[in-house]
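Have a look at the structure below before the remarks.
Note that these values count all heavy atoms, side chains included, but never hydrogens, waters or copies made by symmetry.
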Amino acid sequence: MNRDHTPSAGRDRGQTAQDFAVGIGLFLLAVAFVFAFVPQVVSPYDVGVGASESAQADRAASLIVGNLSVEDRPNELNASRTTTYFTGADVDTLRDRTGLPFTARINVTVRNVTSDGLVWSGGAVHREGRATAAATRIVRTNEPTSCDPVCRMTVRVW
């Protein structure tokens, strides 16, 4: 039995496997914490569409269809009134007609479902890729030449 106080070969190691595992575990927890909470810190600065814009788009679409429909036939637009409604309809005009706040932007397009041809449009210019709230209605007209068989009316608000 060796009674001198010389360190044995197993005790002079600076790091054990358990130390390494604990260190790597803490590192991975720190990385997971950063990935979990950094998006929440940045999200208030992200521009998106809220519930109010979605409600405004839906209300505007219902109002437009309701005002332009033929009596006793919902979702069938009176073609002559619809043409008058969209003639010269800029963003301010449509915003006033639909009761949207002055800060809102609105775009309304009516396209033929089969040909995707533009029948009527009005409001602000909508750029693809912009975050918008949209409401869609399937409509037809009392003139079969405009929407044959039906059209898709899309109201976008941002």
To the nearest 0.5 Å, atom CZ of R73 lies from atom CG of N75 at 12.5 Å
Starting from V150, can I reach V70 by hopping between I/L/V/M/F/W/Y residues whose side chains sit under 4.5 Å apart? no
Smallest heavy-atom separation, V157 atom then A104 atom, equals CG1-CB, 4.4 Å
Q. Are E143 and T141 linked by a side-chain donor-acceptor pair shorter than 3.5 Å?
A. no
request  = Without swapping roles, check the side chain of D58 against the backbone of A135 for a donor-acceptor pair under 3.5 Å.
outcome  = no
*Is V34 reachable from I24 through a run of I, L, V, M, F, W or Y residues, each pair having side-chain heavy atoms under 4.5 Å apart?*
no
Tested for side-chain contact (heavy atoms from CB on, under 4.5 Å) against L77, the lone hit among T83, V119, T82 is T82
One should read off an interatomic distance between D148 CG and S115 OG, to the nearest 0.5 angstrom, of 9.0 Å
Closest non-hydrogen contact found for V155 with A60 is CG1-CB, 4.0 Å
Do T109 and W120 pair up side chain to side chain, a donor and an acceptor below 3.5 Å, judged on atom types alone?
no
Do T93 and D96 pair up side chain to side chain, a donor and an acceptor below 3.5 Å, judged on atom types alone?
no
Heavy atoms of G123 and L94 approach each other most closely as N-CD1, 3.4 Å
Query raised in the report: Is L63 reachable from V110 through a run of I, L, V, M, F, W or Y residues, each pair having side-chain heavy atoms under 4.5 Å apart?
Result: no
Value for SG (C147) from CD (E76), rounded to nearest 0.5 Å, stands at 10.0 Å
Measuring only between side-chain heavy atoms, which start at C-beta, is P149 closer than 4.5 Å to T114? yes
Report task. State plainly whether one hydrophobic cluster holds both F27 and F35, where clusters connect Ile, Leu, Val, Met, Phe, Trp and Tyr through side-chain heavy atoms under 4.5 angstrom apart. Result -> yes
Item to check | R105-T132 side chain donor-acceptor pair, cut-off 3.5 Å | outcome: no
request  = Tell me yes or no: between the side chains of S69 and N67, is some donor less than 3.5 Å from an acceptor?
outcome  = no
Rounded to the nearest 0.5 angstrom, the CZ-CZ distance for R111 and R152 is 9.0 Å
Rounding to 0.5 Å, atoms CG (D92) and CD1 (I106) come to a distance of 11.5 Å
Hydrophobic clustering (ILVMFWY, side-chain heavy atoms < 4.5 Å, transitive) - are V113 and V139 grouped together? no
Would you sort out whether R156 and W158 count as a side chain to side chain contact (heavy atoms under 4.5 Å, CB included), showing the intermediate values? CA-CA 7 Å; R156 293 179 182 88; W158 65 97; 4.2 Å; yes
inquiry  = Is any side-chain heavy atom of R97 closer than 4.5 Å to one of V108?
reply    = no
Is any side-chain heavy atom of M153 closer than 4.5 Å to one of I64?
yes
Interatomic distance, CG@N78 vs CG@L68, rounded to 0.5 Å, equals 8.0 Å
